[in-house]
J.: 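Starting off with a structure, shown below.
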Amino acid sequence: MLGTERIRTIRDLKGRTVAVPVLDPSPYAFLASMAAYVGLDPRKDINWVNHSPDESMKLLAEGKIDAYLGFPPNPQEFRRRESGGASSSTAQWTAVVQYFCCMLVGNREFVRKNPVATKRALRAILKSADVCAVAPEKVARSLIAKGLAKNYDYTLQAIKELPYGAGASSIPKTRCVSIPCVCAKSG
């Protein structure tokens with residue numbers, strides 16, 4: 001997330017204007033879940049606006065919005081173009097690292113009916129996170145080669161900024177129980 005100097009934590013979003021992409025509900029759900037977790041009511045406490053990534057970054061640079069939740073390469077491009085206070089990174093925030101980074105969600109019925117497939121998918125995702133932690137350059141090159149990303153430097157930066165190497169010991173065991181409750185509360 002990119003934010004003005006006034007935005008240092010999720011709680012700082014109370015009463016602020018936050019932009020999310022026009023046709024993508026994922027960033028809203030991600031940030032609304034974090035807001036609900038820290039005690040905010042995302043529907044009442046945050047003024048949500050929908051703009052394209054380019055428009056959101058322009059409005060943030062002009063000080064017309066307080067934060068923008070974007071995904072690579074948009075935050076890296078913004079940081080390259082703008083020097084100044086709009087530099088908060090959710091990758092370093094405790095709530096993100098401990099409860100929401102790399103969150104997995106499964107359909108209850110699918111998981112119940114397909115436990116083996118669910119376990120295999122989870123194992124593959126965890127193994128890929130391990131590869132990201134130990135060989136970020138290799139992963140970035142692979143993403144570029146497969147056409148899944150365009151800019152090697154931005155891709156590598158995004159991989160390195162995420163806490164892939166934090167390990168399971170830093171992740172509370174209650175997260176699997178609390179996430180459905182938080183998501184239900186956040187709308």
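Values reported hereafter were calculated over all heavy atoms of this structure, with side chains retained and with hydrogens, waters and symmetry mates removed.
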J.: What are the two closest heavy atoms between Ala140 and Ile159, and how far apart are they?
T.: N-CD1, 3.8 Å

J.: Does anything in residues 134-147 form a salt bridge (charged side-chain N to carboxylate O under 4.0 Å, His left out)? List the pairs, not counting sequence neighbours.
T.: Glu137-Lys160

J.: Show me the side-chain donor-acceptor pairs of residues 147-156 shorter than 3.5 Å, one per line, residues at least two apart or across chains.
T.:
residue, atom, partner, partner atom, Å
Asn151, OD1, Asp153, N, 3.0
Asn151, OD1, Tyr154, N, 2.9
Tyr154, OH, Glu77, OE1, 2.7
Tyr154, OH, Arg80, NE, 3.0
Thr155, OG1, Asn151, O, 2.8

J.: State which residues pass salt bridge (Lys or Arg N to Asp or Glu O under 4.0 Å) with Lys14; sequence neighbours excluded, sorted by chain then number.
T.: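 For Lys14 there are no salt bridge (Lys or Arg N to Asp or Glu O under 4.0 Å) partners, ignoring immediate neighbours.
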
J.: Are the side chain of Trp48 and the backbone N or O of Arg43 linked by a donor-acceptor pair below 3.5 Å?
T.: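 No; zero donor-acceptor contacts below 3.5 Å.
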
J.: What are the two closest non-hydrogen atoms of Ile10 and Ala35, and how far apart are they?
T.: CG2-CA, 3.6 Å

J.: List in chain and number order the residues that pass side chain to side chain contact (heavy atoms under 4.5 Å, CB included) with Thr17, two or more places apart in sequence or in another chain; answer none if no residue qualifies.
T.: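 Thr17 satisfies side chain to side chain contact (heavy atoms under 4.5 Å, CB included) with Asn47, Val49, Ile65, Asp66 only.
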
J.: Roughly how far, to the nearest 0.5 Å, is the CG atom of Leu2 from the OH atom of Tyr68?
T.: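 One finds 7.5 Å between OH of Tyr68 and CG of Leu2.
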
J.: Distance check, rounded to the nearest 0.5 Å: Tyr28 atom OH versus Leu69 atom CG?
T.: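 Reported value, rounded in 0.5 Å steps: 12.5 Å.
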
J.: Using side chain to side chain contact (heavy atoms under 4.5 Å, CB included) as the criterion, list what pairs up with Val131, not counting sequence neighbours.
T.: Val139

J.: Using residues 111-127 as the side-chain source, report each donor-acceptor pair under 3.5 Å to any protein atom, sequence neighbours left out, with the distance given to one decimal.
T.:
residue, atom, partner, partner atom, Å
Arg112, NH2, Glu109, OE2, 2.5
Asn114, ND2, Phe110, O, 3.1
Thr118, OG1, Asn114, O, 2.8

J.: Applying salt bridge (charged side-chain N to carboxylate O under 4.0 Å, His left out), which residue pairs with at least one partner in residues 52-62 are found, sequence neighbours left out?
T.: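 For residues 52-62: Lys58-Glu62, Glu62-Lys64.
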
J.: Let me know which of Arg6, Arg11, Glu5 forms a side chain to side chain contact (heavy atoms under 4.5 Å, CB included) with Arg8.
T.: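 Option passing the side chain to side chain contact (heavy atoms under 4.5 Å, CB included) with Arg8: Glu5.
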
J.: Kindly compute the distance separating OG (Ser52) from CG (Leu59), expressed to the nearest 0.5 Å.
T.: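 One finds 8.5 Å between OG of Ser52 and CG of Leu59.
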
J.: Using side-chain heavy atoms (C-beta onward) and a distance below 4.5 Å, is Ile7 in contact with Val18?
T.: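 Contact flag for Ile7/Val18 side chains = no.
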
J.: Set out, in order, the CA-CA distance, both residues' side-chain angles and the distance that settles side chain to side chain contact (heavy atoms under 4.5 Å, CB included) for Leu13 and Asp45, then state yes or no.
T.: CA-CA 8 Å; Leu13 297 175; Asp45 293 334; over 6 Å; no

